[in-house]
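To start, the structure under review is shown below, and the notes come after it.
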Amino acid sequence: MTDSRRAATLPVSFFSQPTEQVARELLGTVVVSRIGGVRTAGRIVETEAYLGHTDPASHGYASRRHARNASLYGPAGTWYVYLSYGVHWCCNLVCEGKGLGGAVLLRALEPLVGLDAMMTRRGTTTRALLCSGPGRLAQALGITLALDGTAMRSSDVTVQRGETAEAADIVASARIGITKAADWPLRFTVRGSPWISRRT
DNA sequence: GCGCCGATTGGCT
DNA sequence: GCCAATCGGCGCC
């Protein structure tokens with residue numbers, strides 16, 4: 001195995017895989033932000049796959065292409081950031097890179113680095129409320145529209161190799177908060193993690 | 001142009 | 001458990 005102490009940013013080829021596989025393999029990797037010159041980081045414990053043009057719940061479904069989600073059709077490893085309910089930023093990583101609109105939504109992290117900064121940004125000292133939810137984790141890392149469309153490997157927010165989750169420790173369940181294709185089991189969580197957004 | 005809905009969250013009943 | 005915040009996309013007039 002590689003030396004886990006040495007940071008290794010995930011290569012573009014990682015994101016060139018099928019979206020569902022990327023969603024699974026992102027569990028255990030570490031998101032590192034240096035937005036605003038402040039270092040914050042967390043281990044990914046929850047993701048959701050949105051498959052793009054074939055997925056009714058995806059922003060990349062059929063003819064939903066607009067200027068606003070143009071980055072969703074960019075190269076694998078591109079950040080796609082959108083505003084949810086007019087209030088919260090949510091961040092995705094584009095997969096496959098064939099212009100099919102597939103991406104993985106980051107839904108929860110185990111906070112690892114820069115907890116003070118996260119607490120300031122989030123307005124709470126309760127650790128369980130720092131990164132457990134897509135809007136929360138984006139706020140904790142300082143993510144806004146400024147990240148949208150940037151290439152992960154050269155952006156202010158990178159994803160580093162971590163301890164890979166064993167397949168048996170990955171739980172697949174229905175995606176949260178959607179009405180279309182709600183029963184597709186494309187939400188992935190680390191079994192038993194106390195940092196996920198909701199109990200499975 | 002107008003109204004409704006959404007990959008959410010936090011505060012209040 | 002209910003609902004407001006707040007904005008962009010979409011359907012419909």
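Chain naming here is simple, since letters A, B, ... match the order of the sequence lines and numbering starts at 1 in each.
- A heavy atom lying under 4.0 Å from DNA chain B marks the following residues of residues 85-98 of chain A, by number: A:Tyr85, A:His88, A:Asn92.
- At the heavy-atom level, A:Arg122 lies under 4.0 Å from the strands shown only through sugar-phosphate atoms.
- A salt bridge links A:Arg68 to A:Asp148: one of the charged nitrogens lies within less than 4.0 Å of a carboxylate oxygen.
- A 4.0 Å heavy-atom criterion places the boundary nucleotides of DNA chain C facing chain A at C:dA5 to C:dC10, written 5' to 3'.
- A straight line from CH2 of A:Trp184 to P of B:dA7 spans 14 Å, rounded to a whole angstrom.
- Atom CG of A:Leu141 and atom CZ of A:Arg34 lie 13.5 Å apart (nearest 0.5 Å).
- Residues A:Glu48 and A:Arg175 are not paired through a salt bridge, judged by the lack of any N-O separation under 4.0 Å between the basic side chain and the carboxylate.
- Spacing of C1' atoms, B:dG10 relative to C:dG8, comes out at 22 Å, to the nearest Å.
- Following rounding to the nearest Å, A:Tyr61 (OH) and B:dG6 (P) show an atom-to-atom distance of 16 Å.
- Taking atom CD on A:Gln139 and atom P on B:dT9, their separation rounds to 10 Å, with Å as the unit.
- Among pairs with a residue in residues 78-100 of chain A, none fulfils salt bridge (Lys or Arg N to Asp or Glu O under 4.0 Å), at least two apart in sequence or across chains.
- We find that CG of A:Leu130 is positioned 19 Å from P of B:dT8, with the value rounded to whole Å.
- As judged by a 4.0 angstrom heavy-atom cut-off over every strand, A:Ile176 is placed among residues touching the sugar-phosphate backbone only.
- Here A:Tyr50 packs flat against the base of B:dA7; its ring centre is closer than 5.5 angstrom to the base's six-membered ring, tilted by less than 30 degrees.
- Here the CE atom belonging to A:Met118 is positioned 8.5 Å from the OG atom belonging to A:Ser33, to the nearest 0.5 angstrom.
- Between the CZ atom of A:Arg121 and the C1' atom of B:dT9 there is a distance of 18 Å, rounded to whole Å.
- Distance check: A:Arg191 CZ to A:Asp169 CG gives 6.5 Å after rounding to the nearest 0.5 Å.
- Transitive grouping of hydrophobic side chains (ILVMFWY, heavy atoms separated by less than 4.5 Å) brings A:Val81 and A:Met152 into a common cluster.
- No close placement of the A:His53 and A:Tyr61 rings is indicated, their centers lying 6.0 Å or farther apart.
- At the heavy-atom level, A:Leu105 lies under 4.0 Å from base atoms of the strands shown.
- Apart from A:Val32 itself, the hydrophobic cluster it occupies contains A:Val30, A:Leu112, A:Val113, where clustering links Ile, Leu, Val, Met, Phe, Trp and Tyr at side-chain heavy-atom distances under 4.5 Å.
- Atom P of nucleotide B:dC5 and atom CG of A:Leu83 are separated by 19 Å, given to the nearest angstrom.
- A:Glu166 is linked by a side-chain hydrogen bond (donor to acceptor under 3.5 Å, both in side chains) to nothing, counting only residues two or more places apart in sequence or in another chain.
- Only the P atoms considered, B:dG1 is 23 Å distant from C:dT6, to the nearest whole Å.
- Rounded to whole Å, the C1' atom of B:dA7 lies 22 Å from the corresponding atom of C:dG1.
- Expressed to the nearest 0.5 Å, how far CZ of A:Arg107 lies from CG of A:Asn92 amounts to 11.0 Å.
- Linking Ile, Leu, Val, Met, Phe, Trp and Tyr residues whenever their side-chain heavy atoms come within less than 4.5 Å places A:Leu115 and A:Ile35 in a single cluster.
- DNA chain B is contacted by both A:Leu129 and A:Gly60; A:Gly60 maps to the nucleotide lying nearer its 5′ end (nearest heavy atom per residue).
- Taking atom CG on A:Leu72 and atom C1' on B:dA7, their separation rounds to 12 Å, with Å as the unit.
- Here B:dA7 presents its P atom at 18 Å from CZ of A:Phe188, a figure rounded to the nearest Å.
- The side chain of A:Arg136 sits closest to B:dT9 out of B:dT8, B:dT9, B:dA7.
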How does DNA chain B read in dot-bracket, base by base from 5' to 3', with Watson-Crick or G-U pairs under 3.5 Å and | used when the partner is on another strand? ||||||.|||||.

